[in-house]
Amino acid sequence: MWDVLSALIPPAVVATAFCTFIYKLLRKEMAPRTSDGRLVSEADTASSSSATVADSATTARADDVTADGGAKTTPGASTEVSGDGAGSDGR
């Protein structure tokens, strides 16, 4: 009986290692992803760190705008398009 067990141990170890590798590979490949292919967990950490940077940048811009006299008085702050719209290029 011990001869049979000693003969089956090496294939059992190899089979266990193979199944573990396949399990880890499938878990990695089938993990939820964003539309651009990044893992959701990576996107969450990246978006939270970029959101912190964006919040501080927005706060800095808001401070600059109020120090300059408001957004409406700064040059280039208008969203209006110059010209008469349709036909302004002579067609």
K.L.:
Can you give me the closest heavy-atom contact between Thr34 and Val40, atom names plus distance?
P.N.:
N-CG2, 4.2 Å
K.L.:
For the side chain of Arg38 and the backbone of Glu42, is there at least one donor-acceptor N/O pair under 3.5 Å apart?
P.N.:
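No; judged by distance alone, with no hydrogens or angles, the pair does not exist.
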K.L.:
Which atom pairs, donor and acceptor, lie under 3.5 Å between side-chain atoms of residues 13-22 and protein residues at least two apart or in another chain?
P.N.:
| residue | atom | partner | partner atom | Å |
| --- | --- | --- | --- | --- |
| Thr16 | OG1 | Ala12 | O | 2.7 |
| Thr20 | OG1 | Thr16 | O | 2.7 |

K.L.:
Got a second to check how far Met1's CE is from Ser6's OG, nearest 0.5 Å?
P.N.:
11.0 Å
K.L.:
Rounded to the nearest 0.5 Å, how far apart are NZ of Lys28 and CG of Leu25?
P.N.:
7.5 Å
